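None of these values were measured; they are calculated from a predicted model.
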Amino acid sequence: MKILVPVKRVVDHAVRITLRPDGSGVETDNVKMSLNPFDENAIEEALKLREAGVADEVVLVSIGPARCEENLRSGLAMGADRAILVETETFPEPLAVAKILAAIFREEKADLVLAGKQAIDDDCNQTGQMLAALLDVGQATNASRIDISGQTATVTREVDGGLQTLSLQLPAVVTCDLRLNTPRYASLPNIMKAKKKPLQKRPASDFDVDLSPRLRVLEVAPPPQREGGVMVNSVAELVDKLRNEAKII
Ligand code: AMP
């Protein structure tokens, strides 16, 4: 079984985000960039399936600027077998990403896509769903557990009020949530080995997909500043403020 893991380069989750002065988006120059955290969960799960003998090959795919190679190398250092970088000038929107992934899925004759549930930069949460629709295969989103037996994937999802378990026939698209697993760290020898693992670079023009954006960002604004708290001198004052001033937002 071949597993395709789409991975996106995003601003590292620990970075304190700043906005570009013109309000057009988030500053990404001179900022630490990393693999999208949910994509690390997807890689980890694919590696576990390979180690369990369920999968034979784990292939990473990233669509974006040339610098995405760094993040593909990080995924290769975790243990993926090879990577494909589809080079574009900027990151395309989810529909274009899904169309390119669908073409690669067909070319590769893959059996399963394990994607992140969402990219933490745009929080779109769309690519996996669009990909499943384009491929006309089953989908399970926000997976917190994945079991595969033969051509059937059993996927547990966390939903309001409990857990939902779905059964899917492969090929299928599954998007991964944080609670699925704990991604492994790449060891130094594996980081060195990853430099020599196969990484195929392809121009986006290979795929004949319209990359032009369908959305126009009007403005990106920081969240409103939190107002400071007040110190009270007694329980009586606290009760008084709760009774007369506190508001439920
Ligand atoms: P999104 O729909 O943008 O929130 O992204 C959901 C998932 O789709 C991510 O966690 C990745 O697995 C995948 N994905 C999104 N954008 C890209 C990209 N440019 N290249 C590769 N995979 C991507």
Side-chain angles (χ1 to χ4, degrees), residues 1-14 32-64 66-87 97 100-101 104-105 107-120 127-128 131 140-151 153-156 170-202:
M1 178 198 291
K2 188 186 286 189
I3 305 180
L4 217 57
V5 184
V7 295
K8 188 173 185 191
R9 173 184 171 91
V10 295
V11 173
D12 187 88
H13 68 96
K32 182 174 181 216
M33 305 291 285
S34 300
L35 274 175
N36 183 46
F38 300 109
D39 303 356
E40 291 186 328
N41 294 101
I43 298 174
E44 177 64 34
E45 199 62 19
L47 297 177
K48 281 187 170 168
L49 288 168
R50 194 190 61 198
E51 285 157 5
V54 176
D56 315 298
E57 197 180 20
V58 176
V59 183
L60 308 180
V61 186
S62 205
I63 301 154
R67 293 183 301 276
C68 296
E69 177 170 350
E70 284 168 26
N71 311 92
L72 284 170
R73 293 281 172 208
S74 307
L76 292 171
M78 284 175 71
D81 297 289
R82 63 188 170 89
I84 302 168
L85 171 57
V86 178
E87 287 192 65
V97 171
I100 294 173
L101 291 174
I104 294 177
F105 185 89
E107 278 179 19
E108 290 279 339
K109 298 190 174 49
D111 303 280
L112 176 64
V113 175
L114 291 181
K117 75 164 180 180
Q118 72 190 54
I120 62 166
T127 308
L131 176 60
T141 54
N142 303 12
S144 59
R145 183 183 169 127
I146 304 173
D147 294 297
I148 298 195
S149 168
Q151 287 303 297
T154 307
V155 179
T156 304
L170 299 184
V173 176
V174 178
T175 72
C176 302
D177 210 336
L178 282 184
R179 271 174 291 275
L180 180 60
N181 54 42
T182 306
R184 65 195 67 186
Y185 285 105
S187 65
L188 194 57
N190 285 348
I191 293 173
M192 301 312 287
K193 266 193 232 157
K195 294 186 186 198
K196 299 214 173 90
K197 285 191 179 175
L199 187 149
Q200 184 191 14
K201 292 185 188 172
R202 299 182 62 176

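For Val5 against Asp39, the heavy-atom pair with the smallest separation is CG1-O, 4.3 Å. Residues Pro6 and Leu114 approach most closely at CD-O, 3.3 Å, considering heavy atoms. Nearest heavy-atom pair across Leu35 and Ser74 is CD1-CB, 4.1 Å. Contact record, Leu112 with Leu49: CD2-CD1, 4.3 Å, taken as the closest heavy-atom pair. Pairing each heavy atom of Met1 with each of Leu170, the nearest pair is CE-CD1, 3.5 Å. Between Ile120 and Pro37, the closest heavy-atom pair is CD1-CD, 3.7 Å.
Side-chain atoms of Lys197 do not come within 3.5 Å of backbone N or O of Asp81 as any donor-acceptor pair. Without hydrogens or angle criteria, Thr175 side chain to Asn142 main chain gives a donor-acceptor distance under 3.5 Å. Judged by distance alone, the side chain of Asn36 and the main-chain N or O of Gln118 form a donor-acceptor pair under 3.5 Å. Side chain of Asn41 to main chain of Asn181: a donor-acceptor pair is present (N/O by atom type, distance under 3.5 Å, no hydrogens or angles). Asp12 places a side-chain N or O within donor-acceptor distance of the main-chain N or O of Ala14, the cut-off being under 3.5 Å. A donor-acceptor distance shorter than 3.5 angstrom exists from the side chain of Arg73 to the backbone of Ala194, with no hydrogens or angles considered. A donor-acceptor pair under 3.5 Å links the side-chain atoms of Ser62 to the main chain of Val7, judged by distance alone.
Arg9 is listed as a side-chain neighbour of Met33, based on a closest heavy-atom distance under 4.5 Å. A 4.5 Å side-chain heavy-atom check between Leu101 and Val61 finds at least one atom pair inside the cut-off. A 4.5 Å side-chain heavy-atom check between Phe105 and Val173 finds every atom pair outside the cut-off. Side-chain atoms of Lys32 and Val11, non-hydrogen and from C-beta on, never get closer than 4.5 Å to each other. Put simply, the side chain of Glu69 does not reach to within 4.5 Å of the side chain of Asn71, judged on heavy atoms.
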Practice task
Evaluate the criterion salt bridge (Lys or Arg N to Asp or Glu O under 4.0 Å) for residue pair Glu40 and Arg184; output intermediate values, then yes/no.
Solution key: CA-CA 9 Å; Glu40 291 186 328; Arg184 65 195 67 186; over 6 Å; no
Practice task
Apply salt bridge (Lys or Arg N to Asp or Glu O under 4.0 Å) to Arg50 and Glu45, showing your working.
Solution key: CA-CA 9 Å; Arg50 194 190 61 198; Glu45 199 62 19; over 6 Å; no
Practice task
Given salt bridge (Lys or Arg N to Asp or Glu O under 4.0 Å), test Glu108 with Lys2 step by step and report yes or no.
Solution key: CA-CA 8 Å; Glu108 290 279 339; Lys2 188 186 286 189; 2.7 Å; yes
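Rounded to the nearest 0.5 angstrom, Leu85 CG and Leu199 CG are separated by 6.0 Å. For the atom pair CD1 of Ile43 and CG of Leu76, the computed distance is 8.5 Å after rounding to the nearest 0.5 Å. Between Asp177 atom CG and Phe38 atom CZ the span is 6.0 Å, to the nearest 0.5 Å. With rounding to the nearest 0.5 angstrom, the CG atom of Leu131 is 10.5 Å from the CD1 atom of Ile104. Going from atom OG of Ser34 over to atom NZ of Lys8 covers 13.5 Å, rounded to the nearest 0.5 Å. For the atom pair CD of Glu57 and CD1 of Ile3, the computed distance is 10.5 Å after rounding to the nearest 0.5 Å.
The number of heavy atoms from other shown groups lying within 6.0 Å of CZ (Arg82) is above 12.
Not counting sequence neighbours, Thr154 has no partner by the side chain to side chain donor-acceptor pair (under 3.5 Å) test. Partners of Lys48 by side chain to side chain donor-acceptor pair (under 3.5 Å), not counting sequence neighbours: none found.
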